[in-house]
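One structure is given here, and the rest of the page talks about it.
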Amino acid sequence: MSVTVELAERVKLLPPYLFKEIDEQKAAIRKQGVDIIDLGVGDPDMPTPPHIIDALDLAANDPANHRYPSYSGMVGFNEAVARWYGRRFGVDLDPNREVITLIGSKEGIAHIPLAYINPGDLALATSPGYPVYHTGVQFAGGSTYFLDLKKENGFLPDLDAIPADVRRKAKLVFVNYPNNPTSTVAEADFYERLVRFAETNNILVCHDAAYSEIAFDGYTPRSFLQTPGAKEVGIEFHSLSKTYNMTGWRLGFAVGRADVIQALGKIKSNIDSGAFQAVQYAGIVALDGDQRCLSEINAEYQKRRDILVAGLRRLGFSFEAPKATFYVWVEVPKGYTSKQFAGLLLQKAGIVVTPGNGFGEAGEGYFRIAMTVPSDRIAEALDRIDRAKVW
Ligand SMILES: *Cc1c(COP(=O)(O)O)cnc(C)c1O
């Protein structure tokens, strides 16, 4: 005998998996023996630097770390985060009140709405954008008003264009720079406008800075918290995932306004018991240790970016060369939708890219290339697009 239990509305409300079709096509093409070049995944292909792995190794062998993470273990990582913020951004943080360890930043992003969103409440998030912003809000029973990122606005949200009733109702705004998927960066003046917007409309800012350390040409991305007044209106999410090639390790953190950090902690203490302490010790070594590994990682991405940008230009694509992140956000040639063009690249050239509408409706007309394969594969991909005369 089986049972029939209906799924919760929040699960039924989830959008259909937009990459399902591409995944199926990919599997079919791979079956034909095609050597697929996957430029779709936002997951670094390079390994975690060895000194961080060594630190995990050491900590994993200490039985004290086999138990639930201890409060003092948490403090050790939080202190390393505060030191790092001081060195990197000149931002002062109280490790006991203004820092919280996360099991990857996705975890914190998904959970923060549970602390602030009641059924029927509203949050703001950018479109295109990281899908977790609005699914987290949805899981809390709220809904999302999307702020479209348009080329004519430099892929920054037009805060002045948000209708008055939406401003009144909204409780949270999710923003992410350097941005996934558009690869745009934000400067001090944007963050100043964002802080004023939050103050004027009584909205908490959740800034996602997952890509702040992946940058080129000597460019240094900012922290939202460097903006005067930012710590009174919001928090910033961060992660070791992209910075140190640690996506699989699940270690991130949130910093900023103390009562918001505490509220997130309250939610989390009822859901999880923290990140594996050995991973936190390795995280301390990553943040406090030699940062030469970062320059090496960025030098590799820059090499890839240079090859990709030159190749895409030669092929006649329209796009902005990225200053940060490992993505390039490219306009789909006229006459195609994002999905059609991504399908064409796969069918004719064996190349996987992500159709822009997968990140929200405003991503239609674009596709995202992830530079998470070695440069010879990027060169090969460009060659194939050329030879296949894709469009
Ligand atoms: C990769 C990514 C994250 C980080 O995810 P983790 O859970 O820390 O691995 C957060 N935000 C964006 C926009 C990302 O692309």
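Whatever order the structure lists ligands and atoms in, that order sets their numbers, starting from 1. Keep in mind the model is a prediction, meaning the values are calculated, not measured.
- Taking a 4.0 Å cut-off on heavy atoms, Tyr211 registers as neighbouring ligand 1.
- With contacts defined as side-chain heavy-atom distances shorter than 4.5 Å, the pair Phe367/Glu331 does not qualify.
- Aromatic rings of Phe237 and Phe253 (six-membered ring for Trp) have centroids beyond the 6.0 Å cut-off, not under it.
- Nearest approach of Gln280 to Pro69, heavy atoms of both residues: NE2-CB, 4.1 Å.
- Each of Tyr145, Phe174, Phe359 was scored for a ring pair (Phe, Tyr, Trp, His ring centres under 6.0 Å) with Tyr133, with one residue passing: Phe174.
- Atom NZ of Lys171 sits about 15.0 Å away from atom CG of Asn201, to the nearest 0.5 Å.
- Of all atoms in ligand 1, numbered sequentially from 1 with element shown, those under 4.0 Å from a heavy atom of Arg250 are 6 (P), 7 (O), 9 (O).
- Counting protein heavy atoms only, atom 8 (O) of ligand 1 is closest to Ser239 OG, 2.6 Å.
- Which of Ile109, Asp208, Thr325 comes nearest to atom 13 (C) of ligand 1 through a heavy atom is settled by distance: it is Asp208.
- In this structure, of Ser241, Pro44, Gly108, the residue bringing a heavy atom nearest to atom 6 (P) of ligand 1 is Ser241.
- Side-chain atoms of Asn202 and Arg168 form no donor-acceptor pair, as typed in the model, at a separation below 3.5 Å.
- At least one side-chain heavy atom of Tyr177 sits less than 4.5 Å from a side-chain heavy atom of Tyr191.
- For ligand 1, none of its N or O atoms has an N or O atom of Tyr327 under 3.5 Å away.
- Considering backbone and side-chain N/O of Lys106, one or more are found under 3.5 Å from N/O of ligand 1.
- For atom 4 (C) of ligand 1, the closest non-hydrogen atom of the protein is Ser105 OG, 3.2 Å.
- For ligand 1, the atoms sitting less than 4.0 Å from at least one non-hydrogen atom of Gly104 are 7 (O), 8 (O), numbered in the order shown with element in parentheses.
- The residue from Lys242, Glu107, His238 that puts a heavy atom closest to atom 1 (C) of ligand 1 is Lys242.
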